[in-house]
There are 2 protein chains.
Amino acid sequence: MPPTRFQSMLANLRTQGHRVTPQRLAVLRYLAESAEHPSVEDIYRAVKADFPTTSLATVYKTVALLKELGEAMELGFSDSGNRYDGLRPYPHPHLVCTRCRKIMDPDLEGIADLTAELARESGFRILTQRMDFFGICPDCQKNASP
Amino acid sequence: MPPTRFQSMLANLRTQGHRVTPQRLAVLRYLAESAEHPSVEDIYRAVKADFPTTSLATVYKTVALLKELGEAMELGFSDSGNRYDGLRPYPHPHLVCTRCRKIMDPDLEGIADLTAELARESGFRILTQRMDFFGICPDCQKNASP
DNA sequence: TTGCTTGATGATAAGCGTTATCCGTTTCTA
DNA sequence: TAGAAACGGATAACGCTTATCATCAAGCAA
């Protein structure tokens, strides 16, 4: 049985000699269970429910640490807060609803091929990639106000 | 003979009832000639060379106006200043050198198909998209320090 | 278990790019 | 060419993120 995301994050933390604190555990747990690509505020709110003295700074620091360890991926947005993915911490495409800000993970084939072709044609050594599709999700289309 | 980007921007500005000022002309001219996806600072520096009293706020306002008119596209980056494309103000993929911050426009086929497939499978109404490939450009690979 | 070292936490200030405000100036129409 | 309305310039405010620093606790050794 493969380790859960939570177990993997925790093991990585320990292996790299970082301390395990209740606040960190709470952040890990939340990220390991969230498919919604939460914001720092989302994480902060959730963690504070269990651990009311937690500071926003701690959430930022923990998230930065997980990013460094490769256990979380940051989705930066210049016009709103960044979002985090603890379940699939590697590049993959995203579907972003511009109305409710929901972010989903679509299945999309052929990105590796696309990247390889691009590298060959351009001479770039491509290290990572970001692919976002913006639109209106099915739910928001139903509850549509123009 | 089709209108140049500069002519097109200017015409759009006039048609929509916006005033034509020397500062705006300078920003248009620079954007219409730049394939480098300049930052606001880049534009500011260039405009100030011809028009030294120009304010940074004016550049921001002009760029926002052009964006609104569909004559410039913003490339937002959460970890550095945004960049602007006045030559191709519609979604297209970008190659970003993470060392020298150069941004290029590769030729890449099949994005429309990819988008259509994604819309069909997900039920999203996709309105726009963003596709960035990050890596080291050929120049920086030559002058490589580890 | 206890004590110690070092890293983590919490509160808040600082930083950075961008946007808002406000008043004097300029464009453009009539 | 005169007047109304929009624009420009200077700077304050904003939102998110990072830095600072004193206090506190995790983890190790004895």
Side-chain angles (χ1 to χ4, degrees), chain A residues 9-30 37-69 71-84 101, chain B residues 9-30 37-69 72-84 101 103:
Chain A
M9 287 176 174
L10 186 54
N12 204 338
L13 210 63
R14 287 216 153 95
T15 304
Q16 304 292 328
H18 299 285
R19 290 183 184 171
V20 176
T21 65
Q23 296 89 338
R24 282 185 174 169
L25 283 174
V27 173
L28 295 218
R29 198 164 7 243
Y30 187 74
H37 307 78
S39 66
V40 165
E41 281 296 336
D42 293 333
I43 304 170
Y44 180 51
R45 215 176 309 121
V47 168
K48 250 173 78 158
D50 294 356
F51 219 80
T53 70
T54 306
S55 157
L56 190 55
T58 298
V59 178
Y60 271 106
K61 286 177 208 162
T62 304
V63 156
L65 178 60
L66 289 172
K67 199 170 44 159
E68 204 177 296
L69 297 176
E71 295 290 341
M73 186 179 58
E74 186 176 69
L75 285 177
F77 293 96
S78 61
D79 57 349
S80 63
N82 295 346
R83 306 279 288 264
Y84 295 87
R101 282 272 141 195
Chain B
M9 288 177 174
L10 186 54
N12 203 339
L13 210 64
R14 287 216 152 93
T15 305
Q16 305 290 329
H18 298 284
R19 291 184 182 168
V20 175
T21 65
Q23 296 88 338
R24 282 184 175 171
L25 284 174
V27 173
L28 296 217
R29 195 161 13 239
Y30 187 73
H37 308 78
S39 66
V40 166
E41 280 296 336
D42 293 333
I43 303 170
Y44 180 51
R45 214 175 310 122
V47 169
K48 252 176 71 162
D50 293 357
F51 220 81
T53 70
T54 306
S55 157
L56 191 55
T58 298
V59 178
Y60 272 106
K61 287 177 208 163
T62 304
V63 155
L65 177 59
L66 289 173
K67 198 169 47 160
E68 204 177 296
L69 297 175
M73 186 179 59
E74 185 177 70
L75 286 177
F77 293 96
S78 62
D79 57 349
S80 63
N82 295 346
R83 307 281 287 264
Y84 295 88
R101 283 271 140 197
I103 300 183

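Everything numeric in this text was worked out from a predicted model, so none of it was measured.
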Q: Classify the side-chain pair B:T15/B:N12 by whether it contains a donor and acceptor separated by less than 3.5 Å.
A: no
Q: Identify, between A:F51 and B:V20, the residue whose nearest nucleotide on DNA chain C lies closer to the 5' end.
A: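 Final value for this comparison: A:F51.
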Q. Of B:A64 and A:L56, whose closest DNA chain C nucleotide lies nearer the 5' terminus?
A. A:L56
Is [X] near enough to [N] that one of its side-chain N or O atoms lies under 4.0 angstrom from OP1 or OP2?
X     : N      : answer
B:Y60 : C:dT19 : no
B:N82 : C:dT18 : yes
B:T21 : C:dT27 : no

Q.
Categorize A:T54 for me: base, sugar-phosphate, or nothing, with a 4.0 angstrom heavy-atom threshold over every strand shown.
A. sugar-phosphate
Q: Report which part of the nucleic acid A:T53 touches: base, sugar-phosphate, or nothing (heavy-atom distance under 4.0 Å, all strands).
A: sugar-phosphate
Restricting to non-hydrogen atoms, name the atom on [X] and the atom on [Y] that form the minimum distance, rounded to 0.1 Å.
X     : Y     : answer
B:T54 : B:Q23 : OG1-CG, 4.0 Å
B:G76 : B:N82 : CA-OD1, 3.2 Å
B:L28 : B:L10 : CD1-N, 3.7 Å

Sub-4.5 Å side-chain heavy-atom contact between [X] and [Y]:
X     : Y     : value
A:E74 : B:D79 : no
A:D42 : A:R45 : yes
B:T21 : B:T62 : no
B:Q16 : B:E68 : no

Q: Report the nucleotide, chosen from C:dA8, C:dT12, C:dT18, that has the shortest atom-to-atom distance to any side-chain atom of A:R24.
A: C:dA8
(Q) On DNA chain D, does the nearest nucleotide to B:K61 precede the nearest nucleotide to B:R19 from the 5' side, or the other way round? Give the residue. (A) B:R19
Q: Check for a donor-acceptor pair, side chain of A:R83 on one end and backbone N or O of A:F77 on the other, with a separation under 3.5 Å.
A: no
Q: With a 4.0 angstrom cut-off to heavy atoms of chain B, pull out the first and last contacting nucleotide of DNA chain D, in 5'-to-3' order.
A: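 It runs D:dA5 to D:dT11.
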**Q.** Between C:dT18 (C1') and B:D79 (CG): distance, integer Å
**A.** 15 Å
Q: Have a look at the helix from C:dT1-D:dA30 to C:dA30-D:dT1 and give the angle its two end axes make, five pairs each, rounded to 10 degrees.
A: 30°
